[in-house]
Amino acid sequence: MPCKILFSAENWSTWEAPLRTALDETGVAYDLVSDAAPETVDYVVYAPSSGLLDFTPFTSLKAVLSLWAGVEKIVGNETLQVPLARMVDPGLTEGMTEWVTGHVLRHHLGMDAHIRGLKGKWRKDVPPLARDRKVTILGLGALGADAARALKALNFDVAGWSRSPKTLDGIETFTGDDGLAEALRRAEILVLLLPLTPGTEDLLNADRLARLPKGAMIVNPGRGPLIDDTALLSALDSGQVGHATLDVFRVEPLPADHPFWLHPKVTVTPHIASETRPASASRVIAENVRRGEAGEPFVHLVDRSAGY
Ligand code: NDP
């Protein structure tokens, strides 16, 4: 009997063909549908935007396979009693590294001054070489580690912070509270690529913003609540933080009257830092279905107690 896979996310018309191609390649017998009686479903391909919240009626479920890398909207769902895998997609990673590298280079080179215009003043502010620019990345997982390597390849002086110790060639790594203080102290440009969990919410509060070098630039494609918005606005107004490039927010879409929209030291991008790419991500989903059917362990499993 073929396994039943329910697609419970947006853009079925975009995903159906690449998912079928990837599933065909595995040789697994499957029935891929966008609607089904819950008790007949073996796997749910999931995004929170589908609105599916109650997994109780899914009595035959073997796993939920998230199309999103961030799982904060589902990880605490107590109706979900089967393995939850998150998305680690080479296309998503590549896109994030491009976005992070682009914004770090923009701040490093001071490109905004020329894009906005020097207003008739022939003023030469020569930036240091990347080797003399300290960048810190908070979060050294699939996305943070790849961005760290790309920035290192451009010669930036890169450090990173994570929960467990990491070894990355040429990159100074930190863990724990003392490690965080050290990682922040050196961060002329700070990139946030942490998941949102109870341990990371409001991580960048007034106290930690004060530890950054004066005028530090922040780039946040992680999650909005990693930063205390009020503390960030005061740090921007006092000059403690030079600029914040924010892709993610507590409320999305960012409300029209939010001060971030018009703040001269804030760049808002509408949660576009990177997207799950159907062609490569479908292979990740298909591989987990293959594993499930073969009785092998799933990849990219979420540690529900850690929250990511
Ligand atoms: P991973 O789970 O691979 O990496 C998370 C990293 O954060 C790990 O290094 C982990 O440490 C570290 N971490 C987690 N909790 C803590 C903590 N309490 N203290 C210190 N370090 C911690 O996730 P990804 O790299 O795949 O994704 C990161 C986030 O990026 C996602 O959760 C999502 O929020 C965001 N994202 C944003 C997108 C966008 O378009 N804006 C697109 C995709 C993702 P350790 O290695 O020890 O586990």
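Counting starts at 1 for both ligands and their atoms, following the listed order.
For the residues D146, D247, V100, the heavy atom positioned nearest atom 41 (N) of ligand 1 is part of D247. The closest non-hydrogen atom to atom 27 (O) of ligand 1, taken over N220, T173, L196, L143, comes from L143. For atom 23 (O) of ligand 1, the nearest non-hydrogen atom from the set H300, R86, M87 comes from R86.
Looking at atom 19 (N) of ligand 1, its nearest protein heavy atom turns out to be W161 CH2, 3.2 Å. Considering only non-hydrogen protein atoms, atom 9 (O) of ligand 1 sits nearest to L140 N, 2.9 Å. Closest to atom 10 (C) of ligand 1, if we only count protein heavy atoms, is Y308 OH, 3.5 Å. Protein heavy atom in closest approach to atom 35 (C) of ligand 1: G222 O, 3.4 Å. Summary of contacts: the protein heavy atom closest to atom 38 (C) of ligand 1 is M96 CE, 3.4 Å. Residue, atom and distance of the protein heavy atom nearest to atom 6 (C) of ligand 1 are G141 N, 3.6 Å.
Proximity of R163 to ligand 1, defined as any heavy-atom pair under 4.0 Å, is shared by backbone and side chain alike. The part of K166 lying near ligand 1 is the side chain, judged by heavy-atom distances below 4.0 Å. The side chain of V248, and not its backbone, has at least one atom closer than 4.0 Å to an atom of ligand 1 (non-hydrogen atoms only; side chain from C-beta on). When non-hydrogen atoms are compared, ligand 1 lies under 4.0 Å from neither the backbone nor the side chain of E275. Contact annotation: for L194 versus ligand 1, heavy atoms closer than 4.0 Å belong to both the backbone and the side chain.
Ring pair F156/H108 is perpendicular by interplanar angle, where above 60° counts as perpendicular and below 30° as parallel.
Interface atoms of ligand 1 facing G139, defined by a heavy-atom separation under 4.0 Å, are 6 (C), 7 (O), 9 (O). Set against the non-hydrogen atoms of T200, the atoms of ligand 1 under 4.0 Å away are 15 (N), 16 (C), 17 (C), 18 (N). Residue P221 has at least one heavy-atom neighbour below 4.0 Å for each of these atoms of ligand 1: 35 (C), 36 (N), 37 (C), 38 (C), 39 (C), 41 (N). Set against the non-hydrogen atoms of P195, the atoms of ligand 1 under 4.0 Å away are 5 (C), 7 (O), 14 (C), 32 (O). Taking a cut-off of under 4.0 Å to the non-hydrogen atoms of A69, the atoms of ligand 1 that pass are 43 (C), 44 (C). Contact atoms of ligand 1 toward L193: 28 (C), 30 (O) (distance under 4.0 Å to a heavy atom of the residue). Residue H271 has at least one heavy-atom neighbour below 4.0 Å for each of these atoms of ligand 1: 39 (C), 40 (O), 41 (N). Per-residue contacts place R223 under 4.0 angstrom from the following atoms of ligand 1 (heavy atoms of the residue considered): 33 (C), 34 (O), 35 (C), 36 (N), 37 (C).
In the model, T245 has a side-chain atom that pairs as donor or acceptor with a side-chain atom of R106 under 3.5 Å. At a cut-off of 3.5 Å, with distance as the only test, no side-chain donor of R86 or Y46 sits close to an acceptor on the other residue. Looking only at atom types and distance, the side chain of D237 has a donor-acceptor partner in the side chain of H263 under 3.5 Å away. Counting only N and O atoms by type, the side chains of T97 and R149 include no donor and acceptor under 3.5 Å apart. Using modelled atom types, one finds no donor on one side chain facing an acceptor on the other under 3.5 Å when comparing S60 with K62.
Residues forming a salt bridge (Lys or Arg N to Asp or Glu O under 4.0 Å) with D24 (at least two apart in sequence, or on another chain): none.
Between the side chain of Q240 and the main chain of L212, a donor-acceptor pair closer than 3.5 Å is present. Between the side chain of S234 and the main chain of T230, a donor-acceptor pair closer than 3.5 Å is present. Looking at R208, its side chain does come within 3.5 Å of a backbone N or O of L203 through a donor-acceptor pair. Of the possible polar contacts, none joining the D31 side chain to the C3 backbone as a donor-acceptor pair under 3.5 Å is found. S238 places a side-chain N or O within 3.5 Å of a backbone atom of A235 that can act as its donor or acceptor partner.
Looking only at side-chain heavy atoms (C-beta outward), V248 and L196 stay at 4.5 Å or farther from each other.
Hydrophobic clustering, defined by side-chain heavy atoms of Ile, Leu, Val, Met, Phe, Trp and Tyr closer than 4.5 Å, groups L32 together with I5, F7, W12, W15, L19, L23, V28, Y30, Y43, V45, L65, L67, W68, M87, V284, I285, V289, F298, L301.
Considering backbone and side-chain N/O atoms, S274 comes within less than 3.5 Å of an N/O atom of ligand 1.
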